[in-house]
Amino acid sequence: MSQLMLGEHQLGTATLVSRTSLTSPTTDTLKAALYLASATMNAASTVYTVTGEVSGTGYTAGGVTVTNATAPTSTNASATAGVAFFTPSASITYTAVTLTTAFDAVLIYNSTQSNKAISVHTFESQTITAGTFTLTMPANTTTTALIRLATT
């Protein structure tokens with residue numbers, strides 16, 4: 001979370017001048033990697049790692065690219081309270097995969113910024129055989145967005 005607060009991740013549409021170019025705004029590339037139920041992925045995870053990542057037919061190490069076209073939004077109901085929130089602009093989909101070892105976590109990370117972790121999300125343990133696994137994104141609102149930072 002501290003990386004978000006330090007502005008280390010350019011989420012959403014290109015609205016800021018890139019850290020690598022003074023003239024061409026760019027967004028960072030976000031990726032989503034799946035992890036085995038036996039892996040230890042949690043709030044202490046700070047970077048993408050292959051340790052504990054799933055492997056199987058149709059799955060590429062490092063996961064899939066996250067559609068990052070929604071700019072973060074914030075409310076400021078008062079000078080002391082507000083919510084900043086962000087949800088990727090499309091569901092995260094792994095197509096035609098066979099993952100026979102149980103997995104229960106996804107790491108969303110920034111491959112542009114040294115593979116730094118943005119968030120870890122857990123779900124019910126899954127396996128899949130020759131199918132599509134989709135993580136449906138919630139609505140991008142103050143109460144349901146995938147990432148929410150609030151002040152009170």
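Atoms considered below: every heavy atom in the structure, side chains included; atoms not considered: hydrogens, waters and symmetry mates.
One distance of note links CG of Asn115 with OH of Tyr109; it measures 5.5 Å at 0.5 Å rounding. Taking CG of Leu36 as the start and CZ of Phe103 as the end, the distance is 9.5 Å to the nearest 0.5 Å. Here CG of Leu99 is found 8.0 Å from OG of Ser55. Values are rounded to the nearest 0.5 Å. Rounding to the nearest 0.5 angstrom, the gap separating the CG atom in Leu30 from the CD1 atom in Ile108 is 7.5 Å. Expressed to the nearest 0.5 Å, how far CZ of Phe133 lies from CG of Leu34 amounts to 6.0 Å. Taking CG of Asp104 as the start and NE2 of His121 as the end, the distance is 13.5 Å to the nearest 0.5 Å.
Of all heavy-atom pairs between Ala32 and Tyr59, the closest is O-OH, 4.5 Å. Nearest heavy atom pair, residue Val66 against residue Pro88, reads CG1-CB, 3.5 Å. Nearest heavy atoms, Val120 versus Asn42: CG2-O, 3.5 Å. Closest of all the heavy-atom pairs between Leu146 and Pro138 is N-CG, 3.7 Å. Nearest approach of Val64 to Thr93, heavy atoms of both residues: CG1-O, 3.8 Å. Here the closest non-hydrogen pair linking Ser119 and Ile147 is OG-CD1, 4.0 Å.
Proximity of a side-chain donor or acceptor of Thr129 to a complementary backbone N or O of Thr98 within less than 3.5 Å is not detected. At distances below 3.5 Å, not a single donor-acceptor pair connects side-chain atoms of Gln113 with backbone N or O atoms of Ser111. Between the side chain of Thr112 and the backbone N or O of Thr29, at least one donor-acceptor pair lies under 3.5 Å. Between the Thr141 side chain and the Thr144 main chain, a donor and an acceptor come within less than 3.5 Å of each other.
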task = Check the pair Thr57 / Val97 against side chain to side chain contact (heavy atoms under 4.5 Å, CB included), numbers first and verdict last.
result = CA-CA 5 Å; Thr57 304; Val97 294; over 6 Å; no
Test log, rule side chain to side chain contact (heavy atoms under 4.5 Å, CB included), inputs Tyr94 and Val106 = CA-CA 12 Å; Tyr94 304 83; Val106 63; 3.8 Å; yes
query = Does the side chain to side chain contact (heavy atoms under 4.5 Å, CB included) test come out yes or no for Leu135 and Met137, once each step is laid out?
reply = CA-CA 6 Å; Leu135 293 165; Met137 293 297 103; 4.0 Å; yes
task = Please step through side chain to side chain contact (heavy atoms under 4.5 Å, CB included) for the pair Tyr35 and Leu107, ending with a clear verdict.
result = CA-CA 8 Å; Tyr35 286 86; Leu107 169 71; 3.6 Å; yes
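Note on Val50: it does not cluster hydrophobically with Val47, by side-chain heavy-atom contacts below 4.5 Å among ILVMFWY residues.
Annotation: side chain of Tyr48 is in contact with side chain of Glu53 (closest heavy-atom distance under 4.5 Å). In this structure the side chain of Thr46 never reaches within 4.5 angstrom of the side chain of Lys116, judged on heavy atoms.
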